[in-house]
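The structure under discussion appears below in the form of structure tokens.
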Amino acid sequence: ADAIKEKMLEPLNKQIAMELFAETQYIAIAVYFDTEGLSALASFFYRQAEEEREHAMKFVHYMIEAGATPVIPGLPAPKNGFASAQEAVELALHHEMKVTESINNLVDLAIENKDHATDTFLRWFVTEQVEEVDSMTSLLQVIHHAGPHMMWVENYVRQLAAKA
Ligand code: FEO
């Protein structure tokens, strides 16, 4: 490792694990919505899963570019099967909040270790997490308002996809 400070390596590897875990968790959530016939919500979470893979790969490529060797982790099993849309999206929001905390801790550590390269690299994720927590919070609110009318939620998600 050249550009990346030694103390950053283990936490960066852990972040790769977190992003890859989010990928699998979002596929599991998408599968739940797919089997419930809620195709817009399913697509939304399949897409989120792809984004999580992209996040993980940003860390992998950054570490290699900076002369470090990422260690690819094994992962715990994601939760499969949910009692309701609310339960599934609450889990997603909870995970995004954990990721935000983890990214913020990484930034703190980079600053502490005067690792400017990693600090700068992480800034994109700081912004991204604000967006992800916001979009998951909004989705959960829409689900609350919709009550049993899940087609309203489907329409909301379809409109989001059309705007993206
Ligand atoms: Fe990569 Fe949604 O955290």
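Atoms within each ligand, like the ligands themselves, are counted from 1 in listed order.
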(message) Between Arg47 and Glu50, does any side-chain N to carboxylate O distance fall below 4.0 Å?
(response)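 Salt bridge between Arg47 and Glu50, a charged N being under 4.0 Å from a carboxylate O: yes.
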(message) Tell me whether Lys58 is salt-bridged to Glu54, with the criterion being a basic N under 4.0 Å from an acidic carboxylate O.
(response)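 No salt bridge links Lys58 with Glu54.
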(message) Restricting to N, O or S atoms, which atom of Glu132 is closest to atom 2 (Fe) of ligand 1?
(response) OE1
(message) To make sure I understand the geometry: which N, O or S atom in Glu52 is closest to atom 2 (Fe) of ligand 1?
(response)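 Result for Glu52 and atom 2 (Fe) of ligand 1: OE2.
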(request) Answer whether the closest heavy-atom distance between the side chains of Ile29 and Gln48 falls below 4.5 Å. (result) no
(request) Evaluate the side-chain proximity of Glu19 to Gln15: yes if any heavy-atom separation is below 4.5 Å, no if none is. (result) yes
(message) Would you say the rings of Phe121 and Phe59 are close, in the sense that their centroids are separated by under 6.0 Å?
(response) yes
(message) Among the N, O or S atoms of His55, which one sits nearest to atom 1 (Fe) of ligand 1?
(response) ND1
(message) For N/O/S atoms only: which one belongs to Glu19 and is nearest atom 1 (Fe) of ligand 1?
(response) OE1
(message) Strictly under 2.8 Å, is atom 2 (Fe) of ligand 1 approached by any N, O or S atom of Glu128?
(response)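 No, since none of the N, O or S atoms of Glu128 sits under 2.8 Å from atom 2 (Fe) of ligand 1.
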